[in-house]
Number of protein chains: 2
Amino acid sequence: MGQGGKDDAPASTASATAIDAREAQQQRILAAAMACFARSGFHKASMQDICAEAGMSAGNLYRYFRSKEAIIAAIAEAERVRNAALFDLLQRAEDPVRGLIELARCYLRDMQGRDAPMLCTEIIAEALRNPEIRTMFERNINEAHAACAHALRQGIAQGYVDPGLDVDVAVRMLMALGDGIVAHRVIADFMTDDRTEAVLEVMLERFLRPHAASTVVLADTLSSQPAAAPLPTSA
Amino acid sequence: MGQGGKDDAPASTASATAIDAREAQQQRILAAAMACFARSGFHKASMQDICAEAGMSAGNLYRYFRSKEAIIAAIAEAERVRNAALFDLLQRAEDPVRGLIELARCYLRDMQGRDAPMLCTEIIAEALRNPEIRTMFERNINEAHAACAHALRQGIAQGYVDPGLDVDVAVRMLMALGDGIVAHRVIADFMTDDRTEAVLEVMLERFLRPHAASTVVLADTLSSQPAAAPLPTSA
DNA sequence: CAGATGAGAGTGAACGTTCATTCACTTACA
DNA sequence: TGTAAGTGAATGAACGTTCACTCTCATCTG
């Protein structure tokens with residue numbers, strides 16, 4: 001796990017393995033904490049629970065994390081790094097709508113176990129009130145927002161995306177949709193991967209693609225009369 | 001507690017006002033608890049906090065609620081009742097798409113203070129892990145789901161809604177969207193009411209209305225080639 | 001009408017438990 | 001032999017809940 005690159009010097013082997021061992025222990029603690037937090041929530045899960053799950057004494061655990069909050073922060077940071085990889089995927093897509101659909105697919109597949117969705121929802125809830133977590137969460141969100149908004153604006157310039165779109169609000173709404181789906185899938189067992197992905201694809205295609213009528217015109221038309229009453233199956 | 005209807009006998013005035021007083025106290029506790037839970041979360045907010053917020057001693061508070069969990073359950077129930085009113089609104093709309101848009105508008109306006117969004121998000125997070133809360137939450141969700149799904153199916157029969165729609169998944173996705181927006185609005189200050197409502201309207205209209213190409217055909221088309229490449233601004 | 005009665009409203013200290021965190025200590029190893 | 005890894009009992013604070021108690025007041029009794 002030596003994520004750095006300066007390993008050409010001699011005598012660095014011992015310290016490098018020591019650092020590796022330390023990081024491995026931190027990962028072990030983080031994994032245990034994620035399981036406990038998913039099971040019981042940040043505040044109901046105790047440090048003793050985490051110690052038991054990690055197979056480690058309390059005193060030793062505190063050698064790796066200063067406090068319970070530090071563990072939560074580390075989890076939020078890990079989440080950020082994991083998500084950042086998804087947005088590289090978006091950057092590489094030529095058509096941002098297809099890129100977003102693929103992004104959503106990967107995200108939903110990532111968030112599939114018992115723990116991940118609960119943890120994700122718990123992080124959001126905690127971020128809304130705990131200023132330290134919120135700062136971190138906002139950083140994640142802003143990175144994601146910037147990546148999506150940039151892709152959509154590029155897509156508008158290239159004709160892939162509806163130019164009448166309120167990009168910032170639309171992006172944030174799609175992120176809200178993703179988080180909401182992650183939570184709701186836990187209790188809605190009929191929301192299988194294939195069905196969810198299929199509906200999501202239709203939704204994004206229709207929502208984001210250019211339309212004949214612009215937003216304003218649409219609103220005018222619809223507030224006066226129903227739009228699609230007389231056509232059952234025709235084009 | 002004879003909250004039933006056998007009050008035609010005389011001397012019921014005293015007991016009636018006693019019950020009213022009791023309910024008023026329960027409401028006072030619930031309001032205090034909602035404020036504390038929104039501020040600190042279910043598990044970090046202490047009963048002492050709630051007592052202080054309600055201006056009441058601990059011993060007295062326990063005369064009105066058996067436990068902390070009972071308070072949480074009562075809050076979830078109040079939420080359910082409040083939401084049920086919204087779905088009556090949907091039932092009355094002739095065009096279910098417009099009905100859903102109006103429903104979303106009302107919901108987002110309801111969830112506007114500092115407390116309501118945080119409480120809503122906290123309830124969802126807690127529901128995913130606490131079986132008692134989850135049972136309640138699932139009842140709310142299922143009622144909402146049934147109302148929306150029924151409206152959409154009726155809309156399909158009348159030509160308002162795309163017949164190719166996977167109604168159940170679509171409904172649950174819209175609910176997920178609503179919950180997600182409620183949470184994200186707390187940290188995204190640019191998501192003002194008018195901008196959010198405008199984008200939401202466009203999204204629902206485009207997503208739900210009948211389209212020339214059905215879902216299956218759309219999927220085939222898109223997986224082979226990008227759909228909207230050659231048109232920059234034309235109709 | 002004076003005063004006794006008792007039930008419900010309300011109090012706040014105390015209970016046992018659990019919490020996050022610490023520390024004096026032992027073990028392993030280079 | 002010295003340093004880092006690891007232990008687990010101890011600590012004081014805070015938790016949800018209880019309990020013995022007082023206060024209030026409508027009703028009943030003589």
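Every chain is numbered from 1, with letters handed out A, B, ... down the list of sequences. FYI, side chains are in, hydrogens and waters are out, and symmetry mates aren't considered; it's all heavy atoms of this structure.
Taking only side-chain atoms of K68(A), from C-beta outward, the nucleotide of dT17(D), dG6(D), dA20(C) with the closest atom is dA20(C). Taking the side chain of Y62(A) as heavy atoms from C-beta on, and the options dG10(C), dT21(C), dT7(D), the nearest nucleotide is dT21(C). Candidate nucleotides dA20(C), dA9(D), dA13(C) were compared by shortest atom distance to the side chain of S46(A), and dA20(C) ranks first. Side-chain atoms of M56(A) lie closest to dT7(D) of the nucleotides dA20(C), dG10(C), dT7(D).
Residue A45(B) is classed as a sugar-phosphate contact, given heavy-atom separations below 4.0 Å to backbone atoms only. Among the atoms of the strands shown, only primed sugar atoms or phosphate atoms (P, OP1, OP2) are found under 4.0 Å from some heavy atom of Q25(B). F65(A) comes within 4.0 angstrom of nothing in the nucleic acid, heavy atoms only.
To the nearest angstrom, P of dA4(D) lies 17 Å from CG of D20(A). Atom CG in D49(B) sits roughly 14 Å away from atom P in dT17(D) (whole-Å rounding). Going from atom CG of N60(B) over to atom C1' of dG8(C) covers 10 Å, rounded to whole Å. Rounding to whole angstrom units, NE2 of residue H43(B) and P of dA20(C) are separated by 13 Å. Separating the CD1 atom of I71(A) from the P atom of dA20(C) is a distance of 10 Å, rounded to the nearest angstrom. Rounded to whole Å, atom C1' of dT18(D) lies 13 Å from atom CG of L61(B). When the C1' atom of dA7(C) is taken as reference, atom CZ of R22(B) falls 13 Å away, rounded to whole Å. Rounding to whole angstrom units, OH of residue Y64(A) and C1' of dT21(C) are separated by 17 Å.
Both M47(A) and G59(A) lie near DNA chain C, and the one whose nearest nucleotide falls closer to the 5' end is M47(A). Between R66(A) and G55(B), the residue anchored nearer the 5' end of DNA chain C, judged by the nucleotide with its closest heavy atom, is G55(B).
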Is there a side-chain contact (heavy atoms from CB on, under 4.5 Å) between N140(B) and R82(B)? Walk through the geometry before answering.
CA-CA 10 Å; N140(B) 300 12; R82(B) 194 163 75 139; over 6 Å; no
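Heavy atoms from other residues, nucleotides or ligands lying under 6.0 Å from CZ of R114(B) number 12 at most.
The pair K44(A)-E126(B) fails the salt-bridge criterion, with no side-chain N (NZ, NE, NH1 or NH2) lying under 4.0 Å from an Asp/Glu carboxylate O.
Outside the 6.0 Å centre-distance limit, the rings of H145(B) and F87(B) are not counted as a close aromatic pair.
Judged by distance alone, with hydrogens and angles left aside, the side-chain atoms of D49(B) form a donor-acceptor pair with the main-chain N or O of S46(B) at under 3.5 Å.
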